[in-house]
Structures are given as C-alpha cells and as structure tokens.
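One structure is given here, and the rest of the page talks about it.
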Amino acid sequence: MPTTQRPLRRLLTPLAAVALTLPAALITASPAAASPAAASPAAAHPSVAHPPVARPAVTPSRPVTAPTAAPALAAAPAPAPLLDDGLALTPPMGFNNWNSTHCRAEFNEAMVKGIADLFVTEGLKDAGYQYVNLDDCWALPERGPDGNLVPDPVRFPNGIKAVADYVHAKGLKLGIYTSAGTKTCNRAGFPGGLDHEQQDANLFASWGVDYLKYDNCNNQGRDAIERYTTMRDALKATGRPIVYSICEWGQNKPWLWAQQVGHLWRTTGDISDNWGSLKGIIQRNLPLAQYAGPGAWNDPDMLEVGNGGMTDIEYRTHFSMWAIMAAPLLIGSDLRKATPATLEILGNREVIAVDQDRLGVQGEVIAQENGRYVVVKRLQNGDRAIALYNETDRAATISTTAAAAGLPQAPAYRVRDLWTKTTRETAGVISATVPPHGTVLVRAGTDRRWPLYPPAVELTVATEGELALVEPGTAAVLTTVGTNHGRLPAALSHVDLSEPAGWAVTATSRSSTPVLLPNRPLRTTWSVTPPADAKPGSYELTGRITYYPGQGARPSVTPAAITVVVPPPAPIGTVFLSDVPFLTASNFYGPVERDRSNGERPGGDGKPITIRGTVYAKGLGVHAPSDVEFYAGRHCSTVRAVVGVDDETNRRGSVGFEIYADGRKVAESGQLTGVSPAFPITADVNGATVVKLVVTDGGDGQNYDHADWADLIITC
Ligand code: GLA
C-alpha cells in the first residue's frame, strides 16, 4: 500500500535542437561506413560544401499545433518529370538485398527467385511491389576477356539473364547495381562502371535489366554530375527503359541537379537498422520536399522494416514517413523469413496509396517543435495525408487542423487512421497521442457522409511530453484528458487505465460522463503505484476512452499508450557516469559507448577515448546528434567532463556539448571541431531529477561528428 501520495516527478522535454542540415557522408566517407570502402579513393574526397537548408516554420505552441494557414503547402508546384521518359512516375517499389545480406553468401539466385515468388504469393506484387534488385557483390572482381562484367558463378550459376527471365515471367522487373567509380564499394566488390558506361549499360540491357542503382565509391574524385550523366546517356542509348537510381549519398546535393539525370537520388549516407539512423535520415530528407516530383524522387535509402533492429512502432514510422515523403519503397529484409507483422507493415495498401499517389508530391513539414512533426502530403483526390510524427522518447500529443493541412472549409471532415483502420469525423482538429518514436498517419478530406462516422475522441495524458517517473512502492498522480474533436456529441464516455501486473491504479476523480461534448474535456486523476520491488525500466499503462456515437450505435474506443518509468537508484558520492545506467540514450550512429569512442555502427567497437592525443580511460563515446539521460534523484550537485571531437575523425567533424538539468540548459561548450583542444565543462545540477547530456551537430550536419564525454563525473 502506498504510504505517501505525491505528484509524478517530471522531466520537461528539453528543446532538442533538430538538425536540419544537408546530408553528408559519415566517418568513412562511403556510407557503407563499416566497410573497407573507407580505403577507397572516395574516402579521400569525402566532402563538398554543405550549406544548411532553411528550417521549416516552427509553431511555438505546445502541443504542436499547425498554423491555421498552410504556407508551406502553397509553395511551388512539384517539378515536371524532366527526364520525361514516362518512367518512375510514382516512387519505385520493390526489393533490394543489401540491407539484409550485404555481401554474404546467402545473396544468390535462390534468394532472388524466392523473393520474386513471395512478391506474387504474399500479394506484394498486387500491392505494387515490382522491382527485384541486386546490390553489390553479384559479379566477379575482374572483368572477362571481352571486358564485360562477369556474374559470380557461385551466386548466379545461370547468369543474370536467367534471373531476369524468371522475374519477368512473374510480371516483375529486375534491377542491378554498379558504381560510378573504378570499383564498387565492398572490398569483395567488382569493377565499377566509370569509363565503361556504354559497355556495361549494353550488357545490362542485353540481360533485360529494368533498373540500375549507380553508386559512388572509388570515383577518383571526378565530377559527379559528369559521371552520372555519362551513364544516363549510356542507358538511354541502349533503347531499353531503365529506371536510373543515383546513389551518391547526397554528397553533391543531387536534389539540385539530378532531376535531369536520374529518376531518384539518394539524399543521405546509408541507412542502418536502428532508431538513431532512421531519425537522422528523416531529419535530412524532410526539408527536400520541393525537389521531388513524378519521375524525380528523393531517396532516403532502402527499407529496414523486418530486419529486427527496431520495434514495430519504429518500423511503422519508417514506412509511414517513407510514404508521406514519396520515397521509393524498396524492401530490405529477407521476405523468406518475414513475420506476419513485417508483412502487415509492408503490405498496408492504404499507406502504399499515400506513397504512390499520382499527384506525386512529397509531404511537407507544416509544423515542428521539439521533435514533434506535422507533415502533410497533398493527394490527387483532394484529400491530405497527414503524419503526426514523434521522434522523441516520450509519448506526445501532436495536433493540427484540417485548415492548416490545406483542406477547404467544411462543417466536418472524415479522418481515417491508416494503421488502426478507423474512420472518424472531426470538426477540424486532427490530433493524436503518439507513442515515442511513433507516427500516426491519417488520410483526411471533406466528405458529405461525415455524420455517419463516430466523432474523433482522443485520450491524452496531462503530463504528456514529460518523463513520468514513478518510484517503487510510492503512489504518483497521473491525469488523463478525454476530448471530443468531433462535430457531434459522444454519449456515455468512460475512461479506464489498465496496469502492469502488481501495480495499483485507481481513479481518484470522475472517469465517466453521460455526454462528452466537443471542447468540454473529461479530466480524470489517477493514483499509480508500482510494486515495492519494481525493477527500473519503462512500463506501459494502457488508457482507453470508450464512447457511443449515437443511440443504439456500437461503442467506439480510442486507446492511448502511457509510458511511466521506474528509475534506477540515483548515484551516491562521486562516480563516473559511464558506470551508471542510462534512463534513455539516443545516438546517431551505432550505440552510445561506455569508456570507448563511438567507433562505427556495432556496439563495443570504439577505441580508447582520445582527444588531441590524450587518452582517457573513462567516459562516453557518442555520435551527434546524441542525448543521454541519467536519474539524479534530486541529490546531486555537479557534472564535470572534458569534452571534444575524438581523434578517430582525423581532425574532422564539429559538435556542441550541452548539459541539461530537468530540461534547463546549465552548461554548453559552444562549437568544437576536430582541431579544438579538449574543453573542460562543468554544470550545476543541484536538485535536478534528471540530467541530460546532449551533443549537437555543431550546426553543420553530422559528418564525422564522433564526440567524447571524457572523464565524465557526477557528484551526488
Ligand atoms: C554503398 C551504398 C549502399 C550499398 C553498398 C554496397 O554503401 O550506399 O546502398 O549499395 O554501397 O557496397
């Protein structure tokens, strides 16, 4: 039984700076960052100037509410397809083996045929997936005596034409890969297409290839536009329609020139199967909306859905955001091992319809604040697809209006949630409680039948956006708010909250009402007590509001996931924070490393932390943008560290270090580059419940941003 009753400890969400700078290569210059391509000539010429893109308008209110007009949507119409060859009028859909196999032996003819089979048997072909694409390592490392590329006889014993024939017989298309350089990216790769453009294009066409991904490794520092244009012309000269995918990782700002060269262009370095990577890529691809249009797409890289490194919520965000960004949908997991959840995500036809909408515009950010985004995509029938995207680590209410999304004035609107498949009516507000890393994707429009739909009723938590910390055996107070956004009343509304086993949750105020009128919210307070032996970690409470749209109608239910966190014990004395458990941790490139530099993507692959030649035994190695939170339990006083860019970047990169106490910035380093001396930082965190360590990209993109919190000590 609880002995005391006190408010939930809260952490105000800090104003996380959202990096909106142009993409650039990661530490190894090739986006296959962990691959030996680092040694390639491309690695010696990794950077071009990357001026920042203007930030989209940010609305000041909380929760995020879009302005009533939609200036972003009034921007220039999507450009016409400049190649004008009728190809890729909607973003290409299909499969590519790279994200699931890299160059491993399982990438072979059996796999490719197996994927083609599954496209048909799993209904993916009918859903729109068409291209079955081979990535690096399909060929031998040497050209044949005639100068032609030679398919690896172990992987493809019958050659590529046989695979193309098989795929074509199923009504599908085949894609292939090479690099606009002397060799492809992987060390086990093969000769690239540079100076062999026509010969290679002819070979591909003779095999019946329908799609070429043209990479950037080993490019000898030669001009990108020239290299990619030469292959465009070679492909054209074959007379075969071949979709042309430019893969220069956004290094030369292809969105400014590639509409006339290819049908799609990568805007970033390689994606990897983790949240930090997904979040960073979304940040960089969103601002490029104006450059996309039919036959000319921004490509934020292939899908990771189903590869196992993210949760289904994150994979739904991945798929939703790719759809609203009109991105190519290239499945990157081995469908032969796909779970029902993976197939359900990849096969969601209503989400695919957003991606493939014939109007062909990329969704634009109309509001953004503290990692909560409202992204709107105009659709051909006048509807709007709207993504309410929460990149933060807390559940958040994200709201906009039909007017802000550009819909005409109407008494009410139809709003369909494309994941839960529920349709509601709203008088104008479009709002949802979005789980951490989640996206609510809706399709909204005017509809004369709106009175047939239940009103949109939402359940939120008054503390949303804050980390709800609850101590074992101690009662905390939580407040839920039920709101009717519909035009019509909702009858007999009641809220319930279910708890994990062993927890005590009881309503301490009214939890039901005979009629829930628009704009008359139902507020309920709850007493929430974890068991005395509750282990540190995140716990989900499931809230629901149940209501009746009209007499005799079936009940409607709106769920709300509510996350509460049981913190680990606060540190005692003076300790290294690298020995203390994290409350939350987010890192752009691989995990946060303890007592090592960031290294590359895998965990534990860092080197000794080193800043300007000095090696530190203790500390955290991160890659911007990064943030790490610790529970300080209101009895710590200072945090100290020596910070800087790690020597593993070879003097490149630039970052900013910031320390927050309960959401308030209490120390910052200013911009530090790969040549700045180590910077001693001290923060007064007196009385803070939560201490947060943030590393920003220094305002110029996250290229080479390997950052160290060396000798990181908290005194409690
Ligand atoms: C580069 C590309 C990847 C993949 C690999 C293959 O890194 O960006 O998508 O094709 O090469 O080596």
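Each residue takes its place number in the sequence, starting with 1. We count ligands from 1, going down the list as the structure has it; atoms in each ligand are counted the same way.
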inquiry  = For Glu648 and Ser597, which I'm curious about, is there any donor-acceptor pair between the side chains at under 3.5 Å?
reply    = yes
Side chain proximity check, Trp419 to Ile345, heavy atoms < 4.5 angstrom = yes
inquiry  = If the cut-off is 4.0 Å to any non-hydrogen atom of Asn186, which atoms of ligand 1 fall inside it?
reply    = 12 (O)
query = Trp98 to ligand 1: N or O pair under 3.5 Å?
reply = no
key: Which of the ligand 1 atoms, numbered from 1, are nearer than 4.0 Å to a heavy atom of Cys185   = 1 (C), 11 (O), 12 (O)
query = Hey, is Asn216 touching ligand 1 through its side chain, its backbone, both or neither, going by heavy atoms under 4.0 Å?
reply = neither
task = May I ask you to decide if the ring planes of His102 and Trp98 are parallel, tilted or perpendicular, using 30° and 60° as cut-offs?
result = parallel
key: Heavy-atom nearest neighbour of atom 4 (C) of ligand 1 within options Asp135, Asp136, Asn99   = Asp135
note = The atoms of ligand 1 lying under 4.0 Å from a heavy atom of Trp249, numbered in the order shown, are 2 (C), 8 (O)
ask   = Which atoms of ligand 1 sit under 4.0 Å from any heavy atom of Asp270?
value = 1 (C), 2 (C), 3 (C), 7 (O), 8 (O), 9 (O)
message = Checking side-chain polar atoms at under 3.5 Å, does Tyr704 have a donor or acceptor matched by the opposite partner on Asp646?
response = no
key: Part of Arg266 within contact of ligand 1 (heavy atoms, under 4.0 Å)   = side chain
request  = Fit a plane to each ring of Tyr291 and Trp255, take the angle between them on a 0 to 90° scale, and name the class: parallel (under 30°), tilted (30 to 60°) or perpendicular (over 60°).
outcome  = tilted
request  = For ligand 1, find out whether one of its N or O atoms is nearer than 3.5 Å to an N or O atom of Lys213.
outcome  = yes
inquiry  = For the backbone of Asn307 and the side chain of Glu304, can you confirm whether one donor and one acceptor N or O come within less than 3.5 Å of each other?
reply    = no
Cys247 contact mode with ligand 1 (heavy-atom cut-off under 4.0 Å) = side chain
message = Could you check whether Arg316 and Asn348, counting side-chain N and O atoms only, form a donor-acceptor pair closer than 3.5 Å?
response = no
